[in-house]
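See structure below.
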Protein chains: 2
Amino acid sequence: MSQIPFANVAERRDQPPMLAVSTVIFALRDDERSGRKSLWLPLVRRTREPFRGQWALPGGPLGPRDSLVDAAAANLLDTTGLIPRYLEQLYAFGDLDRSPTRRVVSIVYWALVREDDAPHTDTPATSVLLDDPNVAWFRADDESVLANLAFDHRQIIEYALWRLRNKVEYGSIAHRLLGERFTLAQVREVYEAVLNKSLDPANFRRQLRAATDLEETDEFLSGGKHRPPRLYRYTGSTSHPLESENIS
Amino acid sequence: MSQIPFANVAERRDQPPMLAVSTVIFALRDDERSGRKSLWLPLVRRTREPFRGQWALPGGPLGPRDSLVDAAAANLLDTTGLIPRYLEQLYAFGDLDRSPTRRVVSIVYWALVREDDAPHTDTPATSVLLDDPNVAWFRADDESVLANLAFDHRQIIEYALWRLRNKVEYGSIAHRLLGERFTLAQVREVYEAVLNKSLDPANFRRQLRAATDLEETDEFLSGGKHRPPRLYRYTGSTSHPLESENIS
DNA sequence: CAAATAGTGTCTTTAAGACAATATTTA
DNA sequence: TAAATATTGTCTTAAAGACACTATTTG
């Protein structure tokens, strides 16, 4: 626990709130344990007080020339080397005591990236893309990590997960965690990982084809020891402009 | 259209963004024209540049000691004299050019108030509660007003309406526009006003009673020239903590 | 009793879910 | 051919919507 000198408290009550932007980034990965796919997210280790040494969401102060979404995309690229396939504003967190030092209002975005966009690194020491020991990927439900996050970042991640589950259930964004062409079974794996329950393949197929803008391709995915599934492509539009921002 | 002196542009590029909180407030009122109920909202007339004389959402800068939701509730009370029955964060608007002078990031809340909370004033000159000619209520779909709002407030109001429609359709907040005891027909009127379409009374009744936490009272509303309808009371909880904040 | 809305019953259509059956690959 | 998943078919159940019908009040 960090101590708060009296001077800091006084300072905090009079300075204007600082504006920061942070991002919760989700990717889908094979889970060694369960054998299934599961959700992972990158965190950065703090190199300064407060919470020095603890893991936190990537983020930073809002520069005077960045729009909010640009700031989110930029610090995401800087810290993880990734370009998101989906980026949406999550919430603005502004409680008085969320930072022990000065008052900070954080506007948080959440993002989806494809598995192949995300360099696979299980430990900080083997981080590939940036070779930065202060960036690492964790399972989104890893209790030992969640329990030790800086600031209110655990609450933020849990809210982002709640939003993701809602979005995937009622919207059509699952494909953003996959490649450009995908099988219906892969989409089902996304749903199963996010909602954490198994779904009937037959019924899922029917619902998906009825509800979302999906286009058959002429290609099939061979290689498995079974009948090769057809590959599909997404051809949809987004709902409300503010509810989603596409990158590339 | 206001001119932007070069000095202001330079200034705007280097100062840190200013943080403001604004609120979109909805109430239900009788609509003289259609005879039905419809949605109304209060606006304040700007007394300073930019957009001097034009209508805008109530709001103001975020003080260092206010939490976001407190700031929203406070400026709502200051400008309209109302305490909301429902208050939820809508979105943070932060585009670089949304204010012609300096850079402003606005965190916007939306609120629901009951009809009897809202002093009935049709014109600015007859505002009752605050007797302030710079506060007035307008129909939420009044094109002549929407077309002349300050800043990006038209876009904000339209997004708030979209959220309200979604919320009322899938959630259970309609009762917050009504009194403590209400008939099922009154709830239906709320839905009809918000969704702008008529609903089958019989089917609506069944769905409502199946879906929401509603409790029968022993009272009936007499006075109409017809069988008196039973009064109900709401006994529900809210969904996700961040998705709603109850006031009193 | 006439008018008007409250409230119930019932039929049809549509979607969701369970699960059997068939199809097509690779090892 | 056995194993494995793809894909289709069918039956059941639940919800949504249309609409006829009964109930109860006021004037």
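Both backbone and side-chain heavy atoms feed into the values below; hydrogens, waters and symmetry mates do not. Chain naming here is simple, since letters A, B, ... match the order of the sequence lines and numbering starts at 1 in each. On a predicted model such as this, the values are computed, not experimentally measured, just so you know.
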Report the relative orientation of the aromatic rings in [X] and [Y]; use parallel for angles under 30°, tilted for 30 to 60°, perpendicular for over 60°.
| X | Y | result |
| --- | --- | --- |
| A:Y191 | A:F204 | perpendicular |
| B:F93 | B:Y159 | perpendicular |
| A:H153 | A:F151 | tilted |

Below 3.5 Å is the cut-off: list the nitrogen or oxygen pairs between protein and nucleotides 3-10 of chain D, distance only.
| unit_1 | atom_1 | unit_2 | atom_2 | d |
| --- | --- | --- | --- | --- |
| D:dT7 | OP1 | A:R230 | N | 3.1 |
| D:dT7 | OP2 | A:R205 | NH2 | 2.4 |
| D:dT7 | O5' | A:R205 | NH2 | 3.1 |
| D:dG9 | N7 | A:R206 | NH1 | 3.2 |
| D:dG9 | O6 | A:R206 | NH2 | 3.0 |
| D:dT10 | O4 | A:R206 | NH2 | 3.4 |

Whole angstrom is fine here: how far is it from [atom1] in [X] over to [atom2] in [N]?
| X | N | atom1 | atom2 | result |
| --- | --- | --- | --- | --- |
| B:R36 | C:dT5 | CZ | C1' | 17 Å |
| B:E169 | D:dA16 | CD | C1' | 13 Å |
| A:L199 | C:dA15 | CG | C1' | 16 Å |
| B:L231 | C:dA6 | CG | C1' | 13 Å |
| A:F204 | C:dA18 | CZ | P | 15 Å |
| B:L208 | C:dG7 | CG | P | 12 Å |

Hey, which of these two, A:S222 or A:Q207, hits DNA chain C nearer its 5' end, going by closest nucleotide?
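The residue closer to the strand's 5' end, by nearest nucleotide, is A:Q207.
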If you compare all heavy atoms of A:L164 against all heavy atoms of A:L112, which two are closest, and at what distance to 0.1 Å?
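That would be CD1-CD2, 4.0 Å.
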Testing the basics here: between A:I83 and A:V113, what is the closest heavy-atom pair and its distance to 0.1 Å?
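Closest pair (atom of A:I83, atom of A:V113, distance): O-CG1, 4.2 Å.
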Among side-chain atoms of A:N203 and A:R206, is any donor-acceptor pair under 3.5 angstrom?
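A:N203 vs A:R206: donor-acceptor pair found between side chains.
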